[in-house]
Amino acid sequence: MLWSLLKILVFVAIIAVLAFGAGILMETAGGVQITVAGTEYTLGALQSVLALGVLVLVVWLFFKLLALLIATLKFLNGDETAISRYFDKGREQKGYQALSDGLMALASGEGRLALAKAARAARYLEKPELTDLLTAQAAEMVGDTKKAAEAYKRLLGNQNTRFVGVRGIMKQKLSDGDTDTALQLAEKALALRPKHEEVQDTLLQLQARAEDWAGARKTLSTKLKTGTLPRDVFKRRDAVLALSASRAVADEDATLEQREQAIEANRLSPDLVPAAAMAARAYLAQGKKRNAIKVLKKAWEAQPHPDLAHAFAEVEPDETPAQRVKRFEQLARLNPHDDETRLVMAELLIVAEDFPEARRTLGDLVERAPDARVLTLMAAIEKGEGAEDAVIQGWLARALSAPRGPQWVCSNCNHIHAEWAPVCEHCTSFDTLSWMRPETPELASATAAHMLPLITGTATGVAATDAVVAADAEVIEIEEGSEGGTLAADAVEHAPDAKEGKSDG
C-alpha cells in the first residue's frame with residue numbers, strides 16, 4: 001500500500017516538473033532557425049526541445065532497422081537463428097546479467113540469492129549447461145540436496161556437461177556414504193575425463209576401500225600415463241597394491257599367483273617392510289631360502305623391523321638359541337646402530353641366556369628411548385642375572401607407563417594400527433601408514449611382548465620371556481581397571497632365572 005502510494009507521488013512529481021519546464025520554455029524568447037531548400041523554419045524553445053527528442057528517436061529507429069536488415073541478410077545466407085537472436089538480444093542481456101549476478105552471489109557465499117539469480121537467468125537464457133550448473137552449486141550451498149541432484153541429472157543429458165553431472169552426483173553419494181554407487185560413478189567420470197586428477201584420486205581411494213586391487217592398479221597406471229603421479233611414487237604405490245592383493249600368501253591355501261604378487265610387490269619397492277616379509281615367506285614356501293634371505297637383508301638395511309626379524313627366524317625354525325644369535329648377526333651387521341637391531345639382538349641373547357651381553361647390546365636405549373619393550377627386556381635381564389624382586393618389579397612398573405615404541409601410524413590422521421594395512425581404518429586414506437613413534441596416546445601393542453617367542457619359535461624362548469609377556473598382560477589388565485603391582489610381581493616370580501634357563505638349554 002505504501003509502495004503504491006509512493007509510486008503515485010513520484011509520478012505526479014515528474015509530471016509537475018515536466019509541466020513547469022514546458023511553461024518556462026514557452027515563455028522563453030528566441031529559438032532555432034532552420035533553412036531547408038530555400039525555406040526557413042523558425043522553432044521556439046519548446047519546439048526545439050521536442051524536435052531534438054524526435055531526432056534522437058529517429059536515429060535510434062534507424063540503427064534498429066539497420067540491425068534488422070543485417071540479421072535478415074544473414075538469415076538469407078543460411079544463418080537460421082540470426083533473426084531470432086536479433087529479437088532475443090534484450091532477453092539474453094538480462095539473462096547474462098542475472099547469470100553474472102548469480103556467480104558473484106555464489107562466490108560471496110549467498111546461496112539463496114544465487115538460486116534466485118539462477119532461476120531468473122534460466123527464464124531468459126536457453127543455456128541449461130550454465131544455469132543448471134549454477135542452480136546445482138547454489139542448492140548445495142544452501143543444503144537443498146534434492147534440487148542439486150535434479151540439476152545434476154539434467155546436466156547428464158548434454159554430452160558437453162555429462163562429466164560435470166556425473167562428478168556432482170558422485171560427490172553427493174560420497175557425502176551420503178553410498179560408496180558402492182560412488183565407485184561406479186567415479187569409473188564413469190574417469191572414462192569421460194581420464195586426465196582429471198581429482199576423479200583419479202577418488203576412484204583410487206574407493207577401489208582400495210573396496211579391495212579392488214586390480215582396478216586400483218589400473219587407475220594408478222592411468223595416473224602415471226596422464227602425468228599426475230611421479231614415477232617413484234607410482235612404483236611405491238603399485239607395490240602397496242600388489243602387496244594388498246597377496247595378503248593371503250601366508251595362508252595354507254595361498255595360490256601361486258598370490259605368492260608371485262608378493263614377490264612382485266617386493267621387486268617394485270624393496271624397502272616396503274610388509275612386502276619384503278611376504279615375499280620372503282613366498283620364497284620359503286617355494287623352498288628358496290637363499291632368495292628369502294636376500295630379500296630380508298635388503299629390507300633390513302633400509303629399515304629394520306620386527307616383521308622382518310620374524311620372517312628371518314622362519315628361515316631356520318629348528319635352530320638352537322646360540323645358532324640363532326650367530327645367524328642374526330648377519331642382519332645386525334647391515335644396520336648395527338639402529339634401535340630395532342639392538343632390541344632384536346638383546347632379545348635373542350636373553351633366549352640364549354647371555355644376559356651381560358644382552359645388557360651391553362641395549363646400551364643407552366634405557367636412557368635415550370625407554371619404551372615398554374626396552375624396560376621389559378631390562379626386567380628380563382635383571383631376572384636372569386638373579387636380581388632382587390624389588391629391582392625387577394621396578395623395571396616392570398616403569399614399563400607399564402612407558403610409551404609402546406614404534407608402531408604403524410597413519411601420517412594423515414595419526415591413528416595407530418595394530419598391523420600394516422594399505423588403507424587407514426580411521427580416515428580411509430591410501431598408503432599413509434608409516435612405522436614410527438606415535439605422537440598421540442597409544443594403545444597396548446603385542447609387538448614387543450610377543451616378539452621373542454615368535455623369533456625363537458621354541459618352548460625355551462617362550463619360557464625365557466615370560467616376564468616380557470606378563471608385562472604386556474599387565475598393561476592390558478591396567479587398561480581394563482585392574483591394580484598395578486600384582487601382575488608384574490607374578491610375572492617376575494614365574495620368570496626363570498639364569499641357572500634354570502641354562503639347565504633347560
Side-chain angles (χ1 to χ4, degrees), residues 270-274 276-277 280 296-313 324-352 354-382 384 395-396 398-411 414 416-420 433-456 461 464-465 467-469 471-472 475:
D271 61 340
L272 183 60
V273 169
L296 293 171
K297 283 184 176 180
K298 190 170 185 179
W300 189 273
E301 188 174 7
Q303 182 184 11
H305 191 276
D307 289 349
L308 300 176
H310 293 163
F312 195 72
R324 181 150 294 179
V325 170
K326 186 175 181 179
R327 190 168 62 86
F328 264 75
E329 288 176 353
Q330 302 175 44
L331 288 183
R333 284 193 294 269
L334 296 174
N335 211 328
H337 302 296
D338 188 86
D339 291 353
E340 184 61 36
T341 299
R342 297 165 69 179
L343 287 168
V344 168
M345 293 307 298
E347 290 174 345
L348 292 173
L349 289 166
I350 291 173
V351 176
D354 189 352
F355 300 108
E357 185 62 27
R359 186 189 294 271
R360 283 191 294 272
T361 301
L362 285 180
D364 63 344
L365 283 180
V366 178
E367 293 78 21
R368 181 170 53 81
D371 57 31
R373 186 177 174 190
V374 173
L375 297 175
T376 49
L377 286 177
M378 282 301 302
I381 291 172
E382 296 286 3
W395 286 109
L396 292 174
R398 287 181 61 187
L400 297 178
S401 58
R404 304 302 296 171
Q407 296 184 66
W408 290 114
V409 182
C410 175
S411 58
N414 293 324
I416 301 172
H417 295 69
E419 61 180 10
W420 180 88
L433 267 63
S434 301
W435 184 253
M436 56 187 291
R437 295 182 184 274
E439 300 177 359
T440 56
E442 309 169 38
L443 299 175
S445 168
T447 301
H450 297 286
M451 178 71 188
L452 187 54
L454 286 173
I455 290 179
T456 60
T465 55
V468 181
V469 176
D472 268 11
V475 174

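Rounding to the nearest 0.5 Å places CZ of Arg368 at 11.0 Å from CG of Leu362. Note that the CG atom of Leu433 and the OG atom of Ser411 stand 7.5 Å from one another [nearest 0.5 Å]. For the atom pair CD of Glu340 and CG of Asp307, the computed distance is 9.0 Å after rounding to the nearest 0.5 Å. Between Leu334 atom CG and Lys298 atom NZ the span is 12.5 Å, to the nearest 0.5 Å. Within the model, atoms CZ of Phe355 and CD1 of Ile350 stand 7.0 Å from one another, a figure rounded to the nearest 0.5 Å. With rounding to the nearest 0.5 angstrom, the CG atom of Leu331 is 9.0 Å from the CE atom of Met345.
In terms of the side-chain contact (heavy atoms from CB on, under 4.5 Å) criterion, residue partners of Arg398 (sequence neighbours excluded) are, by chain and number, Pro370, Leu375, Trp395. Under the rule for a side-chain contact (heavy atoms from CB on, under 4.5 Å), the partners of Ala299 that lie at least two apart in sequence or sit in another chain are Ala276, Leu308. Checked against side-chain hydrogen bond (donor to acceptor under 3.5 Å, both in side chains), Glu357 has the following partners two or more places apart in sequence or in another chain: Arg360.
Across all non-hydrogen atoms, the minimal contact from Leu396 to Ala379 is CD2-CB, 3.7 Å. A pairwise comparison of heavy atoms in Pro306 and Arg373 identifies CG-NH1, 4.0 Å as the closest pair. Ala402 and Ala372 make their closest contact through CB-N, 3.7 Å (heavy atoms, listed as atom of the first residue, atom of the second, distance). Residues Thr341 and Asn335 come closest through the heavy atom pair OG1-O, 2.8 Å. The two atoms that bring Arg437 and Gly405 nearest to each other are NH1-CA, 3.6 Å, heavy atoms only.
Proximity of Arg342 to Asp364: side-chain heavy atoms (C-beta onward) are separated by under 4.5 Å at one or more points. Contact of the His417 side chain with the Val409 side chain is not registered, since no non-hydrogen atoms from C-beta on lie closer than 4.5 Å. Looking only at side-chain heavy atoms (C-beta outward), Glu382 and Met378 come within less than 4.5 Å of each other. Side-chain contact between Val273 and Trp435 is absent, with no heavy-atom pair separated by less than 4.5 Å.
A donor-acceptor pair is defined here as one N or O able to donate and one able to accept, closer than 3.5 Å; no such pair exists between the side chain of Asp371 and the backbone of Arg404.
Tested against Leu348, the residues Leu343, Val325, Thr361, Asp354 include a single side chain to side chain contact (heavy atoms under 4.5 Å, CB included) partner, Val325. When each of Trp408, Trp420, Trp300 is paired with His305, the ring-ring contact (aromatic ring centres under 6.0 Å, His included) condition holds for Trp408 and for no other.
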